[in-house]
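Worksheet: the structure to be examined is printed underneath.
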Amino acid sequence: MRKLNVEILKQNITSRAEKQLNENRFSGASAAVYQNGECVFKGCFGDADGSTLYRIASMTKPITAAAVLKAFEERNISLDTKIAEFLPDFKKPIIGEKRGDKTVPVGKTDSIPTVRSLLSHSSGIGCGEIGWMQTDRFPFGRFTSLKDLVDAESHILLSFEPFSDAYYSPIASFDVAARIIEIVTGEEFGTWLNDNIFKPLAMKDTTFTPTAAQWKRVAKMHVYGKEKGLIDPMKNDCVYDGVPAVCHCAGAGLISSLADYSGFALMLSNGGLYGGKRILAEQAIDEMSTPQPPLAGREILEYWGLGVRVTSKYNNYLPEGCFGWSGAYGTHFWVDKADKIVAVYMKNSRFDGGSEASTARDFETDVMNSFDK
């Protein structure tokens, strides 16, 4: 195991943050780095402080995946169960294709997606351009529950034959997975998460439905421009774009804090244990962080695990086997099992978000350049 040089790490992250602030690449950000479970760096920059909450967007997905793994393990349900066993509306999926600005049906699938395929972006549900073209047209403002979301998503055309390929599903496949949790547990997804993940991990500020006091602490949505201080006001009562918070959007709908998400990531890095309590089985963490078919083994930069990306040997920034994910508004994290590192970065910005955000790449670079020689 390589050891991080704490002074170099602090200098790398702090000097980079100051430069990015001057360039107006964010208005506020927070970061934390742990090695061997010990915090070796924690800092807040710009208008962020220790109480700031962030819209974590797609960093909701690893939490949803962990919830599925926990719920299924406790009930001895296989991840390879067909989703139609829980949701009959998915019994006869149809593949679509793009024609101009429309999607049209082209034929029935040969197979039905499984729960595993939902978590590894290989279900075809809401994946890629064909999926986005359909979900972007949803009347989200009319939805009042996760069930409403999934009822709409059950009628969209699949982007490809399930298991034949993998393309990113921004919200739909994880909404379906979370709805299945509601069906097998008999509880609302947000409630089940709170009782089984958030409370045991002391994640007191992670929620789909912020209180009035929490809304006041949510970071303003930064907008890039020549004039500093520009913000997007966002829609009232929507954590993720126009999706009402009450829908518990399982692919992108949570807010969280640096401290809360760090606790979740530390649990993942410690084989499912946190504070001496077993949150997830070690086998579940191993499966979550293992490259899944059909991408596993291809010569690409990263693979899909279950709710996370897993870096390959071809990755230019992180060692092989690191796992984590990012959010559309600039949040980012990873777990490095070999060097026992957990790194979490938080910002909210309308530009420079997702897995290719420059701030995410810079954060990875700064941590990787901080090892003792």
Notebook entry, point to check: Are I171 and I130 in one and the same hydrophobic cluster, where Ile, Leu, Val, Met, Phe, Trp and Tyr link if side-chain heavy atoms are under 4.5 Å apart?
Noted result: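 No: no chain of side-chain contacts under 4.5 Å links I171 to I130.
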
Check: Honestly curious: do I156 and Y167 fall in one hydrophobic cluster under the side-chain, below-4.5 Å linking rule?
Finding: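 Different hydrophobic clusters.
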
Sub-4.5 Å side-chain heavy-atom contact between [X] and [Y]:
X    : Y    : value
Y329 : D232 : no
D237 : W215 : yes
F163 : P294 : no
R55  : T331 : no
P162 : T109 : yes
T206 : F264 : no

May I ask you to decide if [Y]'s main-chain N or O and [X]'s side chain share a donor-acceptor pair within less than 3.5 Å?
X    : Y    : result
D205 : S257 : no
S169 : I125 : yes
Y314 : R298 : no
S355 : S326 : no
E18  : F45  : no
T311 : G321 : yes

Item checked: Stepwise side-chain contact (heavy atoms from CB on, under 4.5 Å) test for D352 and Y224 -> CA-CA 9 Å; D352 194 30; Y224 182 74; over 6 Å; no

What closest approach, in Å, do [X] and [Y] show between heavy atoms, and which atom pair accounts for it?
X    : Y    : answer
S256 : M203 : OG-CE, 4.5 Å
A360 : H332 : CB-CG, 3.6 Å
D372 : L4   : OD2-O, 4.4 Å
S262 : V344 : OG-CG2, 3.8 Å
L119 : A65  : CD2-CA, 4.2 Å

Next item on the list: Say whether S358 and D362, considering side chains only, have a donor N or O and an acceptor N or O under 3.5 Å apart.
Entry: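 There is no such pair (donor and acceptor under 3.5 Å, judged by atom type) between the side chains of S358 and D362.
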
Next item on the list: Over 60° means perpendicular and under 30° means parallel, so classify the ring planes of H248 and F208, tilted if in between.
Entry: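 Rings of F208 and H248: parallel, as their planes differ by under 30°.
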
Notebook entry, point to check: Should the pair H121 and Y168 be assigned to parallel (<30°), tilted (30 to 60°) or perpendicular (>60°) ring geometry?
Noted result: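 Ring orientation, 0 to 90° scale: tilted.
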
Next item on the list: Assess the pair F363 and W334: is the distance between their ring centroids shorter than 6.0 Å?
Entry: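 When the ring centroids of F363 and W334 are compared, they turn out to be within the sub-6.0 Å range.
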
Notebook entry, point to check: Pick from L146, L149, L118: which one makes a side chain to side chain contact (heavy atoms under 4.5 Å, CB included) with V176?
Noted result: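 Result for side chain to side chain contact (heavy atoms under 4.5 Å, CB included) with V176: L118.
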
Notebook entry, point to check: So among M59, R217, M346, which one has a side chain to side chain contact (heavy atoms under 4.5 Å, CB included) with Y54?
Noted result: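 Per the side chain to side chain contact (heavy atoms under 4.5 Å, CB included) rule, the option paired with Y54 is M346, out of M59, R217, M346.
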
Note to self: Here's one to test your reading of the geometry: is the NZ or CZ of R361 within 45 degrees of the ring axis of Y317 and under 6.0 Å from its centre?
What the structure shows: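 Because its charged atom sits under 6.0 Å from the ring centre and within 45° of the axis, R361 does stack over Y317.
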
Next item on the list: Assess whether side-chain hydrogen bond (donor to acceptor under 3.5 Å, both in side chains) is satisfied between S27 and K220, documenting all intermediate values.
Entry: CA-CA 8 Å; S27 59; K220 293 181 172 59; over 6 Å; no

